[in-house]
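Notes follow the structure.
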2 protein chains.
Amino acid sequence: MHSFVSKPIVDTGELLKKSKLKDTQPRRMVLEALAKINMPVSPYGIQKWLLKKNTELNAVTIYRILHAFNSACIVHRHPCSGHFALCTLPEQKGHHGFLHCHSCGLTEEFCSPALCTLEHGIAKKAGFDLENHMNEISGLCKHCKS
Amino acid sequence: MHSFVSKPIVDTGELLKKSKLKDTQPRRMVLEALAKINMPVSPYGIQKWLLKKNTELNAVTIYRILHAFNSACIVHRHPCSGHFALCTLPEQKGHHGFLHCHSCGLTEEFCSPALCTLEHGIAKKAGFDLENHMNEISGLCKHCKS
DNA sequence: ATTGCAAATGCAATATTATTGCATGAACAA
DNA sequence: TTGTTCATGCAATAATATTGCATTTGCAAT
Ligand SMILES: [Mn+2]
Ligand SMILES: [Mn+2]
Ligand SMILES: [Zn+2]
Ligand SMILES: [Zn+2]
């Protein structure tokens, strides 16, 4: 177990502006929670975190906000856990995947054009038009190996 | 929407024997449901299917059975939906991924050593020991494109 | 066949996650 | 400042998932 969380500096207002979504108080709260928690978290986990900061936010609202953020690609939903996290590679165009350490929970995002291409090929060979794909790798991170 | 479901002939007893899991009535029921439904289905979906056949099975039991089957790799859990389906490529060793048509629900399994290798490389480069990985591709199948 | 044990199941309770419809409120463009 | 559109709150409900414990059952050893 580690606590090597690097604190990302996230300007919530800036993020919202770039995403072209409406800038609202609840959205800023969710963004700030995601930034401060700095690891994948469930919608209700966000709600609990906000409660500890003495702020309340309706769970339905959190679901809807996360859905909007996900559509705008500023957050990702990690399918295996149903948790959400801020995109850490906003500058890298294309498909993003995840690495997850099942020991300490560390989550890392990666961008692999090769992987993207390969999966497009797999889809094509099967007669599919790829519209979306998800890649989640789990294992032991470098810290937990030792 | 199509109904090009190819009926797989599944010998539930045989499957259980090969998996080395205990051969029980509930397990045979779940296997038969999965075989007959022939597409990814939720645990409660299995329960409902069994009910329509006038058989009952406890939901907790279904969860536990699916977990055992998943560990034995005779069924897979599709992370994006939380649904389960029989493995359709039992003879192909290694990692299996999925293609899913969001229009008709058709699901196809694929086995790609190249993809597996690539993801092992991605993990290694990030300092991870890969222990598991999931690949789910969604799009339009060849039937739904036309 | 009988027995004994480990493993599977049923049951009850509870927790967690997710969705829907509708009334109200807030953002922001005009 | 105003008006429209979109977001939020609230209430209800559905769907998914887990836990502990008592009981039953598969199956291996006798
Ligand atoms: Mn990303
Ligand atoms: Mn398979
Ligand atoms: Zn770790
Ligand atoms: Zn289709």
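Each chain gets a letter, A, B and so on, in the order the sequences are listed, and its residues count up from 1. The figures that follow rest on heavy atoms only: side chains count, while hydrogens, waters and symmetry mates do not.
Of the candidates C:dG10, D:dT18, C:dT20, D:dT18 carries the atom nearest the B:Val60 side chain, counting heavy atoms from C-beta on. Distance from the side chain of B:Pro43 is smallest for D:dA17 among the nucleotides C:dT19, D:dA17, C:dG10. For B:Arg64, taking side-chain heavy atoms from C-beta onward, the closest of the listed nucleotides C:dT9, C:dT17, D:dC10 is C:dT9. Taking only side-chain atoms of A:Lys22, from C-beta outward, the nucleotide of C:dT9, C:dA26, D:dG9 with the closest atom is C:dA26. Out of D:dG26, D:dA7, D:dC10, the shortest distance to the side chain of A:Thr24 is found at D:dA7. The A:Ser42 side chain lies nearest to C:dT17 when the options are C:dT9, D:dT16, C:dT17. With C:dG10, C:dA18, C:dT9 as the choices, the nucleotide that has an atom nearest any side-chain atom of B:Asn58 turns out to be C:dG10.
At D:dA15, none of the side-chain N or O atoms of B:Tyr44 fall inside 4.0 Å of OP1 or OP2 (strictly under the cut-off).
The residue B:Arg77 sits close only to the backbone: its heavy atoms come under 4.0 Å of sugar-phosphate atoms, none of a base.
Going from atom CZ of B:Arg27 over to atom C1' of C:dT9 covers 10 Å, rounded to whole Å. B:Glu56 has its CD atom 13 Å from the C1' atom of C:dC11, to the nearest Å. The interatomic distance linking B:Ile46 (CD1) with D:dA15 (C1') rounds to 15 Å, in whole Å. Atom CD of B:Gln25 and atom C1' of C:dG10 are 15 Å apart (whole Å).
Aromatic pair B:His78/B:His100: centroids not less than 6.0 angstrom apart.
Side chain of B:Thr107 to main chain of B:Gly105: a donor-acceptor pair is present (N/O by atom type, distance under 3.5 Å, no hydrogens or angles).
Contact annotation: the side chain of B:Leu115 approaches that of A:Leu115 to within less than 4.5 Å [non-hydrogen atoms, C-beta and beyond]. At a threshold of 4.5 Å between non-hydrogen side-chain atoms, the residues B:Phe128 and A:Glu108 count as touching.
The 5' end of DNA chain D is approached more closely, in terms of each residue's nearest nucleotide, by A:Ile62 than by the other of A:Ile62 and B:Leu21.
Taking 4.0 Å as the cut-off between side-chain N and carboxylate O, B:Asp23 and B:Arg28 count as a salt-bridged pair.
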